Amino acid sequence: MFSIRMRSSLHGKHVSGAERICKGEDIGEMVRELLTRPKEYDHISLKIERVEVKEIEKALPIKTYTFERVEEAREFAIDMLEREGIKASILKKLFRELDTGASPEGGNMRGAMIVDMESGNRLEPDKRRGIRTVKVDWASRKFITDQLLEKGYTPRTVDALAIATKNIHCGVVAEVCWSDDPDYTTGYIASESLGYIRISPFKRKGSPYGGRIYFVKRGEKDRVITCLEKEAFLIKSL
Ligand code: PML
């Protein structure tokens, strides 16, 4: 199988990125599809790589919780994540960082923070780049997308659920995510026992800041990063 990754930008700013895993004979069709995704770009890169693929039987189960205000939504997320053994003080500090841009110069990171769940210390080797969950796709993307859209979820759920499922499979104990898209305020938390919990609104409308936080056991950091960035997975079903 092959992993195909596309990243596009306009005037030096990231526009869109996507990934597919497919058979050699389907590369042409996948590339054509990925090229139609960015509306406008002046730079696009495609990386095609042969990968050994493992399977994940089932995606994390989905639940959605809707709140009046961001503050209530965040309190709910903190309560849930405390059950996973992460202190509220650590969560509040990291939420502030995501809200104001977690990269050293204040912008969004390109990837995720990776955090020691006990001390709250950030462990990313490069705080601008962060950690990237790549090499993951649905075994039947079209079938899964149709099912999720029919249930009222969005195209973002399709990709975020795949990423969260791989993260937890690789040993991330819990994940927090909200988008950097100023108009997309639904985020999620995920863990083995919580599943994929969509939370709305997880951030204020209009905010250009967002990203992902991966909580890990300190001693497992290197193994988890290798799994997230190097091992390829196809998820078989919902
Ligand atoms: C959802 O609607 O299921 C939450 C998706 C979060 C997407 C984050 C992103 O696209 O950056």
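Remember, it's 1-based here, ligands and their atoms both numbered in the order they're listed. Since the structure is predicted, the reported quantities are computational estimates derived from the model, not experimental observations.
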Salt bridge or not between [X] and [Y]? Use side-chain N to carboxylate O under 4.0 Å.
{"X": "Asp99", "Y": "Lys203", "answer": "no"}
{"X": "Arg223", "Y": "Glu231", "answer": "no"}
{"X": "Asp79", "Y": "Arg83", "answer": "no"}

Is there any N or O on [X] that sits under 3.5 Å from an N or O of ligand 1?
{"X": "Asp180", "answer": "no"}
{"X": "Tyr184", "answer": "yes"}
{"X": "Arg198", "answer": "yes"}

*Heavy-atom contacts with Cys177 under 4.0 Å: which atoms of ligand 1 show up? List them by number with element.*
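Under 4.0 Å from Cys177, ligand 1 has these atoms: 8 (C).
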*Going by the atom numbers of ligand 1, which of them fall below 4.0 Å from some non-hydrogen atom of Thr157?*
1 (C), 2 (O), 3 (O)
Closest protein heavy atom (residue, atom, distance) for [atom]:
{"atom": "atom 4 (C) of ligand 1", "result": "Tyr196 OH, 3.5 Å"}
{"atom": "atom 9 (C) of ligand 1", "result": "Arg156 NH1, 3.5 Å"}
{"atom": "atom 6 (C) of ligand 1", "result": "Thr186 O, 3.9 Å"}

*Does even one non-hydrogen atom of Trp178 get within less than 4.0 Å of ligand 1?*
no
*Quick one: does Tyr153 get a heavy atom under 4.0 Å from ligand 1?*
no
*Strictly under 6.0 Å, is that where the ring centroids of Phe76 and Phe67 end up?*
yes
*Nearest heavy atom to atom 7 (C) of ligand 1: which of Ala164, Gly210, Ala160 does it belong to?*
Ala160
*Results of side chain to side chain donor-acceptor pair (under 3.5 Å) for Thr226 - residues two or more places apart only*: none
*Trp178 six-ring face occupied by Arg74 cation (under 6.0 Å, within 45°)*: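 Satisfied, under 6.0 Å and within 45°.
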*Just checking, is any N or O donor in the side chain of Tyr153 or Gln147 under 3.5 Å from an acceptor N or O on the other one?*
no
*Out of curiosity, Glu19 CD to Met30 CE, how far, rounded to the nearest 0.5 Å?*
11.5 Å
